[in-house]
Amino acid sequence: MAMEKTFNAAEAEERLYTAWEQSGAFKAGANASRPETFCIMIPPPNVTGSLHMGHAFNNTLQDILTRWHRMRGFDTLWQPGQDHAGIATQMVVERELAKTNRRRTDMSRDEFTGLVWEQKQKSGNTIIDQLKRLGASCDWSRNAFTMSGAPNAPKGEEGNFHDAVIKVFVDMYNKGLIYRGKRLVNWDPHFETAISDLEVEQIEVQGQMWHFKYPLAGGETYEYVEKDEDGNVTLREVRDYISIATTRPETMLGDGAVAVHPSDERYAPIVGKLCEIPVGPKEHRRLIPIITDEYPDPTFGSGAVKITGAHDFNDYGVAKRGNIPCYRLMDTKAAMRADGAAYAEAATIAMAVAKGERQLSEAETDALNLVPDDLRGLDRYEARKRVIDQITSEGLAVTVLHKSIDKETGAEHLERIPLVEQNKMMQPHGDRSKVVIEPMLTDQWFVDTAKIVEPALEAVRKGMAAQEAGSFDPDAGYTRILPERDAKTYFHWLENIEPWCISRQLWWGHQIPVWTAMVPNLKGEPGTWRMSVADSIPLSRAMDFKRENKFDEDALGGKLTSGGILTMEFCAASAEEAKEQIRKVWIDRAGYAPANLVEVDHEPHMWPDDTNFPVASNDIPMWRDPDVLDTWFSSGLWPIGTLGWPEETEELKKYFPTDVLVTGFDIIFFWVARMMMMQLAVVDQVPFHTVYVHALVRDEKGKKMSKSLGNVLDPLDLIDEYGADAVRFTLTAMAAMGRDLKLSKDRIAGYRNFTTKLWNATRFAEMNSALCRDAVGTDAIRVPDANHTVNRWIIGETARARIAVDEALGQFRFNDAANTLYAFVWGKVCDWYVEFSKPLMDGDHAAETRATMAWVLDQCYILLHPIMPFITEELWALTGERAKMLVHADWPSYGPELIDENADREMNWVITLISEIRSARAEMHVPAGLKLPIVMTAMDDRGRAAWVGNEPMITRLARLDGMTEGAAPKGAITVAVEGGSFAIPLEGVIDIAEEKARLSKTLEKLERDMGGLKGRLNNPKFVESAPEEIVEETREKLALAEEEAAKLKAALKRLSDIG
RNA sequence: GGGUGAUUAGCUCAGUGGUAGAGCGCUUCGUUCACAUCGAAGAUGUCAGCGGUUCAAAUCCGUUAUCACCCA
């Protein structure tokens, strides 16, 4: 059966992948023949995701490493799986719901997560199928999911990832590595959740800055003096206000102070005084102190900064330092608060605080709503407009003179208008929601990263030192990051690490395993029924309040030994375990355990004497923290979690620590650093010994591919058009470390052509019965016994390719491996060996040539397989009866022993000769089809032998017709090679002047080179200092160049003699 | 503002001390029995500028310029 003319990738790929999977070719340990293991963890794609170019690139590299190790007999596992991707997935489902006008809050949490699970089961296989199309050889039977085993996971989603996550949380909590605190966090008003610093994108926008006057309290005045750089007074006036510049007028309502730099002389007279926030009902204008802090930049704006600790990160720092209250102004949707007591009451309390008459606890401060009644409930931007209007109409906006010309009368018109500066500013946006982030003071859970960062730093410091010293040992327990630059990024981030906010106000995710319950108060303080400030406030928060009313013990059975209750948090792997802990506390404090501990849905916002209280009067309620964990908390456990931890599975023992992590630099912080920290914190081992960081795929112009730019190349379209092998090869060839990878279709088409080339070389062999199946007595493993130089040469070249490929892959130089193979297969095998072999297919060397051809092609298939698995597997099957599929074929280990230096030298001589003749012919415009005689004008023995041994190939490829020996005839072109020269008579055909020009040009270049070489050799310092082999090499080069130059000169002289 | 990196052929990029390479594109030629998804030949570079180290610098160091990315 003759082969088709080209490889039909579309037809073959699915068939081949199915065959691999059905034979269990990708299973952990398949084809293992040695004790070493090799394990890669896939960076888990989002479960709702689909394959983009970055995935294609990332997974191609992983697949190459995996297939390469598997063929080499390592016990190999490529562990696949998906990430539950909290925000992203919840977003998908909520968007679905919105289509039918439903919201998540219309249903229960369980109902909603049930829908998410449905979505997961519907779309979760999409990316898996896409990875299969790419040829990814993951062990799909082990496919993992970061939410597997979660409480309401449906059938088929068992597994223990959830258990692992919860166990880690509990352990870290117990070790004091996780804490809860009220902090200013990045709040996403769209998803109504906190997000981590890393999930915030800074986007440059056109911003506006308003300038407002904050009047001094009691109508006080001071002399305001401005000076230029030289100290000359440029402005001197009496002011009764301080001027403030802000980009966020609506947050003025929550100002706690105005700060100026301690060195700022302009405001020195009024530091310590009070000023008035120029907005809100006149009768309740709040006064705030003017303080000093290092933060304000005297050269920016007016030099005075309003401090709104609850809505700005810099202000928060100032507020903490200066003990300034942080008043929260907005709700979870970033609308102005509408809760709590009326403005008048709240403002009165705040005034008392500002005057130092009163202290508020953190919770009391938070409960205070300082939004004036007319602004309550408004969106933050609407509130901004109103605030600006109100201040402006009151004449408290800083104004400038504005000249306008009346269009009709042409009269100039001067007026004062409010000063509004237009500035470009960086504004934080949610990376998922794209809405403006609102810094928000909320209770969140944090990992105390400072406590776990050091081992993660140390492991990489050691790994990088070993890498640098060339003594890297994969089993030494440290980790290297390649390329080195990314290690710097890693260090830089970890050395400046901030606490990691891990709680998210979402429903889809691992719910935080912390319960709160009412327990007896040991301190004997009175309990409380009612808030002093706000009504609807969570119980736990209320407990911080100053207690005003006596607790009625009867409501809880009247058995408390001391005066009250408070709430206490319990971290436990399950509700049952939490109950155990709660009972212990009760017994310890009250001497008995409550009859019933009842888990309620959420924290009761009422008191036990309320008729609607969710539990019976002698039951004790407990409720679980409603928040879920940041997705990266669970993916941070990916290496151990997928291997079955905390169970001590065989796989965990065998494959952990894993070997290589292949990832893009964009998730070094998100993921790599956190895996390092968490694995070290939890199991005290590094998760992998090597992190290979690759480039980001961009479009032809270097732009990041994005849907909004419309420049996305869909890998599946490309696979459809060019085949998976071509796409893979392209990505591999362009994978030079750490750069951007710009992808163009031309390039892919080029590598598709490469697959065709390989296919056709095989077709040639097929037509000449030179395939594995034809070549008796040889196979892929046994190197053929060859005598002919051509065969010995290509065998040596094959060995060189194998050595280079192994070395390149060993160093993660994927592009070197691809380019080596490209050059070998196309440039050596197809361009030369196939051509050389043609005259050898008959005669004495026919059998060994067929055997060699078959072997060489087999080696091409094997060596190319990790990069181009499909076409090579197909050719492997087509060309012979094989014991194993190519995916499990044995990777060769032959080396320099196959390189025959003499064959090498001889074939290089032949190739040079043919190239020279072709070049001369083309430049002399000799018709391509014309066969020419050739005269050997001078030749040493080695040259003669080379000619004799290869004459049929030379005459064929250089289009010659018979060789004679003798003097160069008149009107001939000269071809100089090592050991002698040839002449090709072209009497009457060549243009002598043209030939002269050609030779002169060559000679000129040669002489330039010789000049450089001579210069170096004549420099005594070079001969003294340079390594001997370099000096020797230089001498040889010079000798060769001189020899060739002499021949060219002789040829030129002959031409001159003719005329 | 801080950090990291880049600047090499028309384009996209390799190249970590020994005198510059690849692919694509371009020009010319070619229906040679594996392949036109092909073959043969060719052109194009002060390796961003300046200074330094070295026998020797695209490569190491310093500096300037421009650009990119990350973090504030």
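In what follows, chains carry the letters A, B, and so on, assigned in the order in which the sequence lines appear, proteins first and then strands, with residues in each chain numbered from 1.
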Within 6.0 angstrom of A:E495 CD, more than 12 heavy atoms from elsewhere: yes

Sugar-phosphate, base or nothing in reach of A:K838, heavy atoms under 4.0 Å: base

Whole-Å distance separating the NZ atom of A:K931 from the P atom of B:G30: 18 Å

Nearest-Å distance once atom P is located in both B:A58 and B:U46: 13 Å

Spacing of CZ belonging to A:F836 relative to CE belonging to A:M853, to within rounding of 0.5 Å: 12.0 Å

P gap between B:U53 and B:U12, integer Å: 36 Å

5' precedence on RNA chain B between A:T755 and A:I1030 (nearest-nucleotide basis): A:I1030

Shortest side-chain distance from A:K488, nucleotide among B:G15, B:G5, B:A41: B:G5

CZ-CD1 distance between A:R728 and A:I64, expressed to the nearest 0.5 angstrom: 6.0 Å

Watson-Crick or G-U wobble mate for B:G5, both contacts under 3.5 Å: B:C67

Per A:R918 side chain, nearest of listed nucleotides B:C24, B:A41, B:C55: B:A41

Partner nucleotide of B:G51 by Watson-Crick or wobble geometry (both distances under 3.5 Å): B:C61

B:C71 to B:U8 separation - P atoms, rounded to the nearest Å: 27 Å

Lys/Arg N to Asp/Glu carboxylate O, A:K1014 vs A:E1007, below 4.0 Å: no

Under 4.0 angstrom between A:W826 side-chain N/O and B:G39 OP1 or OP2: yes

Pair partner, B:G21 [Watson-Crick or wobble, under 3.5 Å]: B:C13

Touch class at under 4.0 angstrom, heavy-atom based, for A:K757 against every strand present: base

Closest nucleotide among B:A34, B:G18, B:G42 to the A:P1027 side chain: B:G18

Atom pair distance, as rounded to whole Å: CD1 in A:I917 and P in B:A40: 15 Å

Interatomic distance where CZ belongs to A:F812 and C1' belongs to B:A14 [whole Å]: 20 Å

Nearest-nucleotide pick for A:D831, side chain only, options being B:A40, B:G5, B:A14: B:A40

Partner nucleotide, any strand, of B:U44 [Watson-Crick/G-U, under 3.5 Å]: none

C1' atoms of B:C13 and B:A72, separation to the nearest Å: 33 Å

Interatomic distance where OH belongs to A:Y833 and C1' belongs to B:C35 [whole Å]: 18 Å

Between C1' of B:G18 and NZ of A:K1014, the distance in whole Å: 19 Å

Spacing of the C1' atoms in B:A9 and B:A20 (rounded, Å): 10 Å

Whole angstrom value for the distance that separates C1' of B:A72 from CG of A:N186: 13 Å

B:A36 phosphate, OP1 or OP2, under 4.0 Å from A:K5 side-chain N/O: yes

Touch class at under 4.0 angstrom, heavy-atom based, for A:N1019 against every strand present: sugar-phosphate

More than 12 heavy atoms of other groups within 6.0 Å of A:E4 CD: no

Pairwise P distance for B:A6 and B:A41, with rounding to whole Å: 36 Å

Nucleotide nearest A:E923 when distance is taken to its side chain, options B:G18, B:C35, B:G42: B:G42

Ring geometry between A:F812 and A:Y692 (parallel below 30°, tilted from 30 to 60°, perpendicular above 60°): parallel

Distance below 4.0 Å between A:N768 side-chain N/O and B:A34 OP1 or OP2: no

Touch class at under 4.0 angstrom, heavy-atom based, for A:P1020 against every strand present: nothing

Sugar-phosphate only, base, or nothing, as touched by A:S919 at under 4.0 Å among non-hydrogen atoms: sugar-phosphate

Side chain to side chain donor-acceptor pair (under 3.5 Å) between A:T755 and A:D725, worked out: CA-CA 8 Å; A:T755 64; A:D725 292 324; over 6 Å; no

Touch class at under 4.0 angstrom, heavy-atom based, for A:E1032 against every strand present: nothing

Between B:C33 (C1') and A:M767 (CE): distance, integer Å: 9 Å

Sugar-phosphate only, base, or nothing, as touched by A:K1037 at under 4.0 Å among non-hydrogen atoms: sugar-phosphate

Among B:G42, B:G18, B:U4, the one nearest A:F1022 by side-chain distance: B:G18

P spacing across the pair B:A43 / B:A22, given as an integer number of angstrom: 12 Å

NZ/NE/NH1/NH2 to OD/OE distance under 4.0 Å, A:E484 and A:K488: no

Ring pair (Phe, Tyr, Trp, His ring centres under 6.0 Å), paired with A:F729, selected from A:W826, A:Y751, A:F870, A:Y722: A:Y751

Span that lies between the C1' atom of B:U44 and that of B:G3, in whole angstrom: 38 Å

Residue mapping more 5' on RNA chain B - nearest nucleotide basis, A:R752 or A:D816: A:D816

Nearest listed nucleotide, side chain of A:R747, among B:A14, B:G23, B:C55: B:G23

Nearest listed nucleotide, side chain of A:C830, among B:A34, B:G39, B:U16: B:A34

Atom pair distance, as rounded to whole Å: CD in A:E484 and P in B:A6: 12 Å

Among B:G23, B:A34, B:G18, the nucleotide that comes nearest once only the side chain of A:Y822 is considered: B:G23

